[in-house]
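I have placed the structure first, in the form of structure tokens, so that the comments after it can refer back to it.
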2 protein chains.
Amino acid sequence: MSIPTIVINRLPVYLRELLRLEAEGQSVTSSQELARRLGMSSAQIRKDLSHFGEFGKQGTGYRIDFLRQHLQKILKVEREWDVALIGAGDLGQAIAHNNSFAARGFRITCIFDSSSARIGTTIAKLVVQSTDLLEVTLREKNIRIGLLAIPAEHAQKVTDRLVKAGIVSILNYAPVNLSVPETVRVQYMDPVIQLQRMTYYHL
Amino acid sequence: MSIPTIVINRLPVYLRELLRLEAEGQSVTSSQELARRLGMSSAQIRKDLSHFGEFGKQGTGYRIDFLRQHLQKILKVEREWDVALIGAGDLGQAIAHNNSFAARGFRITCIFDSSSARIGTTIAKLVVQSTDLLEVTLREKNIRIGLLAIPAEHAQKVTDRLVKAGIVSILNYAPVNLSVPETVRVQYMDPVIQLQRMTYYHL
DNA sequence: TAGATTGTTAATCGATTAACAATC
DNA sequence: TAGATTGTTAATCGATTAACAATC
């Protein structure tokens, strides 16, 4: 009935590759070409897309702009999203300065930190706010997405506050598993975990 | 015969949680406790571990230090790894300053950049080298792991050079899919992809 | 002993793939 | 028309789960 998560997880990868093909000036592609470029099977791409409708033409493949637009609608990224950044340390600052977020539709519109040394400073044109203002500001701005860039020790209790403040998607840069209600999604960004997934295969 | 990748991918998450439990002063745990903390089923944890041996005791569970050590051996992270960082821009600098790598066994030992403005500067006690020296330095230091933090446009051609220079694991921060031989592993760090995996579920 | 938890089996569930009719 | 590629089906393959004997 509902679309498997594993399928949803691949859609952004398809979307990114379509944008790349467009940037390269191509206007049509095929499941075969996409599969080759992404290192997967063409059957899987066609199967994944078939969950959402018919986007291609027999014999010719897919119009890139058409498929891209549909994927953006499906993923709800045809719009812009306001996101909150929690943590203004080294990592938080790097995130705030990374213009890839805004370039791809995720606008960092507020930054929070608990250290008085950082509150009131300006990072990427935003004044760092006290975490005391978390709930008020998130509700006021109706923000649903949080980027969590604080030490692991504080991650769970800040997460609980984010959830209470109406956040439903958390991108967690802290190297710790978070407990959230079923209505809330968490994705993890831990580079060391990723490295450890590869060293297993070293001789 | 060989262990499924999906199992290998979960082991670092188990390891991270075991380290956390140790830090909290606990010395014994169970598949149930781990499962609850990680939001998964206890059967899956036991099944995953059973690929590698018998680490627990009926009735009491797992000694944390014992299981942690075994997971570290299995993942080959009981040792330290030297890694190369390619890219000394904002992102590269943030990576270089992130002490979580060294704290968890991945030592960044050289940094490369192609911009003459950055070559020769010092970041996190390392002098930025010209990418011209990539092959020579990696061979000399026998480095197998690369962190790729350069613009998407250059990622594939630098990847090809890394592979030729003997790199077998790449953590790719550039928002682009990489083509590599089967002997080489790539993991991706693209925060926007992660965000797009969550917006689908928003109302 | 009684209670708890492992490691493992078999069943269930879900994902991937190969193949092909439809059709551009 | 001939060639190419889709969307879909059915078969295969793989992963997860429930259940429980073994045993600490």
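Computation of the quantities below employed the complete heavy-atom set of this structure, encompassing side-chain atoms and omitting hydrogens, waters and symmetry-equivalent molecules. Numbered from 1 within each chain, the chains take letters A, B, ... in sequence-line order.
Across every non-hydrogen atom of Thr199(A) and Lys76(B), the tightest pair is O-CD, 3.7 Å.
Looking only at distances, no side-chain donor or acceptor of Thr131(B) sits under 3.5 Å from a matching main-chain atom of Leu134(B). Counting only distance, with no hydrogens or angles, the side chain of Gln26(A) and the backbone of Val28(A) share a donor-acceptor pair below 3.5 Å.
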Pairing string, 5' to 3', for DNA chain D - Watson-Crick or wobble contacts under 3.5 Å, brackets [ ] where pairs cross, | to another strand
..||||||||||||||||||||||
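In this structure Phe55(B) satisfies the ring-ring contact (aromatic ring centres under 6.0 Å, His included) test together with His70(B), sequence neighbours excluded. Remark: His202(B) pairs with Trp81(A) by the ring-ring contact (aromatic ring centres under 6.0 Å, His included) rule, at least two apart or across chains.
Arg68(B) and Glu22(B) are joined by a salt bridge, as a carboxylate oxygen and a charged side-chain nitrogen come within less than 4.0 angstrom of each other. Ion pair Lys73(B)/Glu78(B) not flagged as a salt bridge, since none of the NZ, NE, NH1 or NH2 atoms sits closer than 4.0 Å to an Asp/Glu carboxylate oxygen. Taking 4.0 Å as the cut-off between side-chain N and carboxylate O, Asp190(A) and Arg104(B) count as a salt-bridged pair.
Of the inter-residue distances, the one linking Arg20(B) atom CZ with Thr29(B) atom OG1 reads 14.0 Å to the nearest 0.5 angstrom. Separation of atoms CG (Leu34(B)) and OH (Tyr14(B)) is listed at 8.5 Å; rounding is to 0.5 Å.
Taking every nucleotide of DNA chain C with any atom under 4.0 Å from a non-hydrogen atom of chain A, the first and last of them, 5' to 3', are dA15(C) to dC24(C).
Between the side chains of Ser50(B) and Arg46(B), no donor-acceptor pair of N or O atoms lies under 3.5 Å.
Within residues 5-14 of chain A, no residue places a heavy atom under 4.0 Å from DNA chain D. For residues 27-61 of chain A, proximity to DNA chain C is found at Ser41(A), Ala43(A), Gln44(A), Arg46(A), Lys47(A), Lys57(A), Gln58(A), Gly59(A), defined as any non-hydrogen atom under 4.0 angstrom from a strand atom.
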Step by step, work out the salt bridge (charged side-chain N to carboxylate O under 4.0 Å, His left out) result for Lys141(B) and Glu135(B).
CA-CA 10 Å; Lys141(B) 297 195 171 189; Glu135(B) 289 82 355; over 6 Å; no
